[in-house]
Amino acid sequence: AKDMKEFVDYEFRVTAKNKAGTSKQPSSPSNPVQTGVPLEFVRPLPEIVLTEAPTEPVVLECELSRRPKESVKWTKNGRPLPSRLPSNVSVDEEKGSTVHRIAFSSIHEEDLGEYALQSESISSIGKLQMRVVPTLRL
């Protein structure tokens, strides 16, 4: 594509053309793509270590430098998050798909682990851990 300006959002459609002819309909528009801005994590996912049961929601949040070309993928301990999340877990994004978060309204042992957000060719890894100081009863 020629004459594209940096820092401007563009959407693209594709029309297939081959020996059988040209497709009747172009594809759905792509996610908006901004030229000139490399995709990187402005704020990576944090490592959260809980020392007691939280009284407020716990949030792992990161921010990208621009809207990704493709949808992002969340993983936990190297495996994709299930499409049906437990009721205490929610995933969302805002600011034009640059801020991504996974929030826990309460923490259960199965929520602990390593979480990663993958976008295009980059990823950020955060951890949710619980370290309870043992109490000695005499």
Side-chain angles (χ1 to χ4, degrees):
K2 294 164 90 181
D3 301 322
M4 292 175 65
K5 296 179 180 150
E6 286 190 332
F7 313 112
V8 173
D9 284 348
Y10 292 95
E11 290 183 354
F12 298 95
R13 293 177 179 264
V14 178
T15 303
K17 189 174 186 178
N18 58 26
K19 288 185 219 171
T22 303
S23 62
K24 292 183 178 19
Q25 296 287 338
S27 67
S28 300
S30 67
N31 286 339
V33 175
Q34 194 175 74
T35 60
V37 178
L39 184 65
E40 57 192 9
F41 283 94
V42 177
R43 264 187 310 127
L45 287 170
E47 183 171 320
I48 296 176
V49 179
L50 302 167
T51 55
E52 57 188 42
T55 56
E56 298 178 355
V58 175
V59 179
L60 290 170
E61 181 179 274
C62 62
E63 185 172 1
L64 293 163
S65 56
R66 64 167 167 79
R67 178 184 297 134
K69 295 174 188 167
E70 304 154 10
S71 57
V72 300
K73 294 177 181 65
W74 281 97
T75 61
K76 178 185 174 207
N77 298 327
R79 303 176 81 160
L81 282 184
S83 54
R84 273 195 143 161
L85 295 170
S87 60
N88 66 311
V89 182
S90 64
V91 171
D92 70 30
E93 60 186 58
E94 61 182 47
K95 287 193 178 177
S97 299
T98 59
V99 174
H100 298 268
R101 73 178 60 89
I102 183 166
F104 304 86
S105 58
S106 60
I107 299 291
H108 305 285
E109 190 171 335
E110 59 270 14
D111 299 324
L112 303 176
E114 183 178 273
Y115 289 85
L117 180 86
Q118 298 172 326
S119 182
E120 296 177 24
S121 62
I122 63 171
S123 64
S124 179
I125 297 172
K127 292 182 181 173
L128 183 56
Q129 300 174 332
M130 177 80 82
R131 287 201 191 115
V132 179
V133 179
T135 54
L136 185 61
R137 295 176 193 255
L138 299 173

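Counting begins at 1 with the first residue of the sequence. Every value quoted in this text rests on a predicted model; they were computed, and no experiment measured them.
Using modelled atom types, no side-chain atom of Ser124 and backbone atom of Pro44 make a donor-acceptor pair closer than 3.5 Å. A donor-acceptor pair under 3.5 Å links the side-chain atoms of Asn88 to the main chain of Ser106, judged by distance alone. Here the side chain of Ser65 pairs a donor or acceptor atom with the backbone of Pro38 at under 3.5 angstrom.
For the residue pair Gln118 and Ser123, the shortest heavy atom distance occurs at CG-CB, 3.7 Å. Closest approach of Glu40 to Ile122, counting heavy atoms only: CA-CD1, 3.6 Å. Nearest heavy-atom pair, Ala103 versus Val59, reported as atom, atom and distance to 0.1 Å: CB-CG2, 4.0 Å. Between Ile125 and Glu114, the shortest heavy-atom contact is CG2-CG, 3.2 Å. Taking all atoms of both residues into account, the shortest heavy-atom contact from Leu60 to Lys127 is CD2-O, 3.9 Å. Annotation for Pro46 and Glu61: closest pair CD-O, 3.6 Å, computed over non-hydrogen atoms.
Note that the OG1 atom of Thr98 and the CZ atom of Arg43 stand 8.5 Å from one another [nearest 0.5 Å]. Taken from OG in Ser23 to NZ in Lys17, the straight-line distance is 10.5 Å, to the nearest 0.5 Å. Atom CD1 of Ile107 is separated from atom CG of Leu50 by 6.0 Å, given to the nearest 0.5 angstrom. Considering NE2 of His100 and CD of Glu93, their distance stands at 5.0 Å, rounded to 0.5 Å. In this structure, Ile48 CD1 and Tyr115 OH are separated by 10.5 Å, a value rounded to the nearest 0.5 Å. In this structure, the separation between CD on Gln25 and OG1 on Thr15 is 9.0 Å, given to the nearest 0.5 Å.
Linking ILVMFWY residues whenever their side-chain heavy atoms come closer than 4.5 Å, directly or via other members, places Phe104 and Val91 in the same cluster. In this structure, Leu112 is a member of the same hydrophobic cluster as Leu85, with clusters built from ILVMFWY side-chain heavy atoms closer than 4.5 Å.
Residues Met130 and Glu109 have side chains not in contact (no heavy-atom distance under 4.5 Å, counting atoms from C-beta outward). Leu81 is listed as a side-chain neighbour of Ile102, based on a closest heavy-atom distance under 4.5 Å. Taking the side chain as every heavy atom from C-beta outward, Leu64 and Phe41 approach each other to under 4.5 Å.
Here the options are Arg67, Lys69, Arg66, the test is side-chain contact (heavy atoms from CB on, under 4.5 Å), and the partner is Leu39; only Arg66 passes.
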